[in-house]
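Just follow the structure's listing: the first ligand is 1, and inside any ligand the first atom is 1.
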Amino acid sequence: MSTLLVTGGAGFIGSNFVHYVLENTEHYVIVLDKLTYAGNLNSLEGLPANRFEFVHGDITNSDLVDNLVQRVDAVVHYAAESHNDNSLVDPRPFLDTNIVGTYTLLEAVRRHNKRFHHVSTDEVYGDLELDDPNKFTSTTPYNPSSPYSSTKAASDLLVRAWVRSFGVQATISNCSNNYGPYQHVEKFIPRQITNVLAGLTPKLYGTGENVRDWIHADDHSSAVLTILNNGTIGETYLIGADGERNNKDVIEEILEIMGQPRDAYEHVIDRPGHDLRYAIDSSRLREELGWTPKYVDFHQGLQSTVQWYMDNEAWWGPQKQATETRYAEQGQ
Ligand code: NAD
Ligand code: DAU
């Protein structure tokens, strides 16, 4: 058994990872989370008290981070400002958390010689044309579009530099769009589901031709655990489950699952700089580390996600109005 420090463990993917680890391994988990608008302690309810503890704090606080890193065997770093739309309104928190926060963690794992896994995004590679036969690989040049993705790209480069210059024992993963339980209602899929549940009209940016490569959060968790256990230090692994779909198809599928007319949504103004398409080539992770996704049926995964939001209004209800007020100010 070993002890993991999971940063951002009260967020969407971090909390799914903590549940996954506690259910599938013997590890002890410490979560470090600032509880920004995106963090939610209710996502960590029901975890075994003898194998889990929560620390409320900021990853840019070097004394706090240093103390915690000394106590653990490995750090799995999810904490971030994660939402593109927010980064277009106020980029500053993205620089602080995504860049300075990652730097602070890297310095601590360097001092204490601890294993580090950095969770990143496919958005660092920019976007693809709809008909491009190529997908992103670990050698695709970095070409981020938004303040969010450029700060994630910066954080990846810091990790690579700390590996090469200081011998830090780190791996990186770049994953595509996640869906599943505990995702904040600002994000595309939960926003549309909760719009229907709240009697609001679902909102599609622009034409909806933009393609995302969907993966269930549990499959992301199993991939990160695989890399943590068996990945090669210094390497970058792309995580994806061959889930390419355009936004128009996804919104119509949600409406159909929820018993609504497939066209019961409205088009709103597009996101500035909106990436057209992401697509992941995850063959390295599959072939070298033997990982395979479990959620290969997107429709089924979407149905269970819809059901989760129907059953958990107490979880998402308190976030909904503030989120929609924020979007309304942007005309979205
Ligand atoms: P999220 O916004 O749901 O959660 C982020 C968490 O980090 C929150 O709990 C928040 O309170 C915490 N946090 C923010 N700033 C912090 C700080 N300074 N100190 C400590 N905690 C802080 O994000 P998510 O969607 O779960 O994404 C998690 C990670 O996965 C991010 O690094 C993101 O770039 C990456 N990622 C996300 C996706 C996706 O589809 N959502 C895909 C690939 C990679
Ligand atoms: O690719 C991985 C990335 O996926 C992560 O790094 C980010 O943290 C995560 O937020 C996500 O980024 P996107 O910008 O792709 O996700 P979002 O849920 O914001 O939007 C998905 C698509 O849906 C995108 O093309 C914009 C569109 N959209 C979004 C919203 C909120 C709409 O059409 N309507 C909406 O209301």
Side-chain angles (χ1 to χ4, degrees), residues 6-17 31-41 43-44 55-61 64-65 76-88 93-94 96-98 100-102 104-105 118-125 127 136 144-146 148-149 151-152 155-156 173-180 182-192 195 202-215 217 220 224 239-240 245-248 250-251 265-271 274-280 323-324 327 330 332:
V6 179
T7 71
F12 163 45
I13 309 178
S15 63
N16 275 284
F17 179 75
V31 165
L32 170 61
D33 197 295
K34 187 180 176 181
L35 296 179
T36 67
Y37 79 96
N40 192 338
L41 271 183
S43 306
L44 297 170
V55 177
H56 184 200
D58 194 319
I59 56 166
T60 64
N61 177 341
L64 174 64
V65 164
V76 187
H77 175 34
Y78 288 93
E81 285 292 337
S82 71
H83 195 44
N84 278 297
D85 291 322
N86 296 343
S87 80
L88 295 163
F94 290 75
D96 292 337
T97 290
N98 300 0
V100 179
T102 302
T104 307
L105 288 159
H118 179 60
V119 177
S120 192
T121 168
D122 58 358
E123 295 194 17
V124 298
Y125 300 115
D127 58 356
F136 298 140
S145 311
S146 72
Y148 162 67
S149 53
T151 58
K152 290 299 292 189
S155 67
D156 292 9
S173 55
N174 298 85
C175 187
S176 59
N177 285 65
N178 284 223
Y179 72 99
Y182 305 115
Q183 186 168 30
H184 194 279
V185 296
E186 70 188 351
K187 301 295 199 292
F188 178 54
I189 288 179
R191 185 181 185 205
Q192 314 316 329
N195 275 358
K203 308 277 191 291
L204 186 66
Y205 291 178
T207 61
E209 66 181 336
N210 308 68
V211 170
R212 296 295 182 265
D213 191 351
W214 295 100
I215 179 173
H220 189 178
V224 167
I239 306 174
R245 294 229 169 9
N246 74 35
N247 295 338
K248 185 169 175 294
V250 173
I251 211 168
Y265 60 90
E266 62 182 319
H267 294 267
V268 293
I269 56 168
D270 210 351
R271 174 184 285 170
H274 196 173
D275 281 339
L276 185 54
R277 174 177 165 234
Y278 307 138
I280 289 277
T323 304
E324 290 307 316
Y327 273 125
Q330 296 158 215
Q332 292 176 317

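By the salt bridge (Lys or Arg N to Asp or Glu O under 4.0 Å) test, Asp96 is found to be paired with Arg92, residues two or more places apart in sequence or in another chain being considered. Under the salt bridge (Lys or Arg N to Asp or Glu O under 4.0 Å) criterion, Asp127 pairs with no residue at all, not counting sequence neighbours.
No side-chain heavy atom of Val250 sits under 4.5 Å from any side-chain heavy atom of Arg212.
Contact residues of ligand 1 (protein heavy atom closer than 4.0 angstrom to a ligand atom; sorted by chain and number): Gly8, Ala10, Gly11, Phe12, Ile13, Asp33, Lys34, Leu35, Thr36, Ala38, Gly39, Gly57, Asp58, Ile59, Tyr78, Ala79, Ala80, Ser82, Thr97, Val119, Ser120, Thr121, Tyr148, Lys152, Cys175, Ser176, Asn177, Asn178. Contact residues for ligand 2 (protein heavy atom closer than 4.0 angstrom to any ligand atom): Ser82, His83, Asn84, Thr121, Asp122, Glu123, Tyr148, Cys175, Ser176, Asn177, Glu186, Lys187, Phe188, Arg191, Gln192, Lys203, Leu204, Tyr205, Asn210, Arg212, Asn247, Arg271, His274, Tyr278, Tyr327.
Using modelled atom types, one finds no donor on one side chain facing an acceptor on the other under 3.5 Å when comparing Asp213 with Ser176. With hydrogens and angles left out, the side-chain atoms of Asn174 and Asp156 include a donor and acceptor closer than 3.5 Å. Between the side chains of Lys187 and Ser82, at least one donor-acceptor pair of N or O atoms lies under 3.5 Å.
Ring geometry, Tyr37 versus His184: the interplanar angle exceeds 60°, so the pair is classed perpendicular (tilted spans 30 to 60°). Between His77 and His118, the ring planes are tilted. Angles from 30° to 60° get that label.
Glu324 has a carboxylate O that lies under 4.0 Å from a charged side-chain N of Arg191, or vice versa, which qualifies the two as a salt bridge.
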